[in-house]
Number of protein chains: 2
Amino acid sequence: MSSSRPPVSLTPATTLADLGEFGLIAELTRRFPQGEQVLLGPGDDAAVVTMPDERVVVSTDLVVEGRHFRRDWASAADVGHRVAAQNLSDLNAMGGRATALTVGLAAPPDLPAQWLLELADGMAEEAAEVGASIVGGDVTSSDQLVIAVTALGVVDGDPVTRAGARPGDVVALAGRQGWAAGGLAVLTRGFRSPRALVEAYRRPQPPYGAGAEAAGLGATALIDVSDGLLADLGHLAEASGVAVDVATASFDIPEPLLAVGAALGADPLGFILGGGDDHPLAATFPAGSALGPAWTVIGSVAEGTGVTVDGAPYEGPTGHRHF
Amino acid sequence: MSSSRPPVSLTPATTLADLGEFGLIAELTRRFPQGEQVLLGPGDDAAVVTMPDERVVVSTDLVVEGRHFRRDWASAADVGHRVAAQNLSDLNAMGGRATALTVGLAAPPDLPAQWLLELADGMAEEAAEVGASIVGGDVTSSDQLVIAVTALGVVDGDPVTRAGARPGDVVALAGRQGWAAGGLAVLTRGFRSPRALVEAYRRPQPPYGAGAEAAGLGATALIDVSDGLLADLGHLAEASGVAVDVATASFDIPEPLLAVGAALGADPLGFILGGGDDHPLAATFPAGSALGPAWTVIGSVAEGTGVTVDGAPYEGPTGHRHF
């Protein structure tokens, strides 16, 4: 469909209503390069993708303006990176990798078209980091901006669930943790620095590939940290029927978090234990496993239930609730 | 996750906020039976589904309250049937069939929980009609109710796109057309009958399996009618680079549509040519193809562009625009 329409000239004042549904679809499609795994991309009733394995891994996430992002806190491209990263991370957390994404956009008719196209650019760039293509989707009008992303992909070995942790295992983390929460705390208070934290909030850097690495290293359970470190370790503990203890001495608190903690009068450890927007992976491994440099051991698994910090219940905020 | 939580007692006054995110997920999951193709269902970072073919067909649709449905016009279960049917129909329109759905729900915290659970029941029932399972999704809060559905599936032969129609082909239709538009016209004016049309709007009956049948019969192009018959034939004509003419004499206008046309002073043919919520399939076949009883020839393909009715431009409404 896109090939039959010439590119349109957009000004900052051009709205989605000006562009129209089919103009918007054509402009979006132009922004989504299709990899060789895509047999049929956007524009038909459905897309067709070749999967290298009969086991397909699939995950869907929704983000809502005002709840998951604010247009004055992040650029459209940033939001695009974030919403794609969130889904790509879900497949990373199964030990898999994404090959295709679909995108559903419900947006107010008066939204600047340029914003949505820059969002699309950001999503396509993030997808390209793992070799995935955006193969289709849907656009419609709504009062509130809602972005629904579905990621499809494969696992090379067996998928690693949340449910396999065993007493005696170690808990390890790959990727940054607490940076995005620090950035959000800064933005919430009207500041824009430390820039490294604000950037971490705007564009998370999930450790793509660490999930497949964990599977290869014999991980017994795997989860991505999206609700908050302790909250997500709680999900892992509940699914596995075990207790998890986190050792705070294992965290090397980065300088920007120390600075923000001092400036805001907050315990910087709170960002690490409660934050959820960095999308690192938490995994459990048999004790004594040889882990690569991507992984830091942060705790241990025991018989029981629940999550403790340094052997005691944690009193701070542990994560995000959606209702 | 669901197995560890006992069912909760809901009253009509129980809201999503009362139930909470994880309570809601547990109750939803309980309503989604998992077929044997599902290796890992809801509750982990992603679901895992076995696909019988390396080519995976995928489609995403969004529906928004107030735009695509009204809670006073259809029950929650009806809306569930409709939103699932819409996606299952997209795969039907490739000559394929769905094996798995994911669902993203963005909903106001004060929405009655019972409404969302009955929506889930309706979706699961509709998915079961083609043997598909609802394998995962996401829930979050929003101001406006938005439902995002993604369907994954397979085609047995080669997928049939919109782009293969050739001059000389016949155009044929499988499934009811115009009934839902008649029902919507009735509801819009505050009436509830003819009941058959209102029911058709509330629960479309797409001709599941007709897509695969069309592929087997040698269809050159295939599309589902979701925007409006003439609008969707226009998409097919544009993608194929051909002109389509529709012969109105080929339609046997059903009695309820004649009755509604008379009561509202409207041409009943308008519901058939402009309506879009029944999800029949329109296909093109080489002239002389032996078609089964599911198919009615309604027109022909010629060189040129655009869609005509009885050889002339059509002056009535031709479909739905989303912006």
Side-chain angles (χ1 to χ4, degrees), chain A residues 1 4 16-17 19-21 24 39-40 43-52 54-62 64 67-68 90-91 93-94 96 100 102-106 109 135-144 146 148 150-152 155 159 161-162 223-224 238-239 321-323, chain B residues 1 4 16-17 19-21 24 39-40 43-52 54-62 64 67-68 90-91 93-94 96 100 102-106 109 135-144 146 148 150 152 155 159 161-163 223-224 238-239 321-323:
Chain A
M1 190 178 288
S4 61
L16 295 186
L19 196 53
E21 177 186 1
L24 174 62
L39 300 179
L40 183 67
D44 219 292
D45 292 284
V48 186
V49 184
T50 301
M51 291 286 177
E54 67 179 7
R55 294 168 307 174
V56 172
V57 187
V58 58
S59 177
T60 290
D61 278 302
L62 288 177
V64 177
R67 176 145 194 102
H68 299 96
D90 281 329
L91 270 53
M94 302 304 293
T102 65
V103 185
L105 296 167
V135 300
D138 190 21
V139 296
T140 191
S141 65
S142 63
D143 300 336
Q144 192 176 16
V146 176
T150 298
L152 276 67
V155 283
T161 72
R162 306 173 172 187
I223 192 168
D224 92 314
E238 184 181 353
R321 291 191 172 269
H322 294 93
F323 280 105
Chain B
M1 188 177 289
S4 61
L16 296 186
L19 195 53
E21 178 186 0
L24 173 62
L39 300 179
L40 183 67
D44 218 293
D45 292 284
V48 186
V49 183
T50 302
M51 290 285 178
E54 66 179 8
R55 295 169 307 175
V56 172
V57 187
V58 57
S59 177
T60 289
D61 279 301
L62 287 177
V64 177
R67 178 143 192 102
H68 299 97
D90 281 328
L91 269 54
M94 300 305 291
T102 64
V103 185
L105 296 167
V135 299
D138 190 21
V139 297
T140 191
S141 65
S142 63
D143 300 336
Q144 191 176 17
V146 176
T150 298
L152 276 67
V155 284
T161 72
R162 305 174 171 186
I223 193 169
D224 93 311
E238 184 181 355
R321 288 191 174 273
H322 294 94
F323 281 104

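Order of the sequence lines sets the chain letters (A, B, ...), proteins ahead of strands, with each chain counted from 1. The figures that follow rest on heavy atoms only: side chains count, while hydrogens, waters and symmetry mates do not.
Interface check for chain A: of the options B:Val155, B:Leu91, B:Asp61, B:Val103, the most heavy-atom pairs under 4.5 Å are formed by B:Asp61. Across A:Val48, A:Leu39, A:Val58, the residue that shares the most heavy-atom pairs under 4.5 angstrom with chain B is A:Val58. Chain A forms the most heavy-atom pairs under 4.5 Å with one residue out of B:Val56, B:Thr102, B:Val57, and that residue is B:Val56.
Looking at A:Ala239, neither its backbone nor its side chain comes within 4.5 Å of chain B, counting heavy atoms on both sides. Heavy atoms closer than 4.5 Å to chain A are found in both the backbone and the side chain of B:Ile223. Within the 4.5 angstrom heavy-atom criterion, only side-chain atoms of B:Val64, from C-beta onward, approach chain A. In this structure, no portion of A:Leu19 lies under 4.5 Å from any heavy atom of chain B. Of the two parts of A:Val135, only the side chain, counted from C-beta on, holds a non-hydrogen atom closer than 4.5 Å to a non-hydrogen atom of chain B. If you measure heavy-atom distances from A:Leu40 to chain B, the contacts under 4.5 Å come from the side chain alone.
Looking at A:Glu54, its side chain never comes within 3.5 Å of a backbone N or O of B:Pro52 through a donor-acceptor pair. Looking only at distances, a side-chain donor or acceptor of B:Asp44 sits under 3.5 Å from a matching main-chain atom of A:Arg162. Using a distance-only test at 3.5 Å, with no hydrogens or angles considered, a donor-acceptor pair links the side chain of A:Asp138 to the main chain of B:Leu62.
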Would you check, one step at a time, whether the test side-chain hydrogen bond (donor to acceptor under 3.5 Å, both in side chains) holds for B:Arg67 with A:Ser142?
CA-CA 8 Å; B:Arg67 178 143 192 102; A:Ser142 63; over 6 Å; no
Please lay out, stage by stage, how B:Thr60 and B:Thr150 fare under the test side-chain hydrogen bond (donor to acceptor under 3.5 Å, both in side chains).
CA-CA 4 Å; B:Thr60 289; B:Thr150 298; 2.8 Å; yes
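Note that CE of B:Met51 and CG of B:Leu152 are 4.0 Å apart. Values are rounded to the nearest 0.5 Å.
Each of A:Val139, A:Leu16, A:Thr140 was evaluated against A:Glu21; a single residue qualifies, A:Val139, per the side chain to side chain contact (heavy atoms under 4.5 Å, CB included) test.
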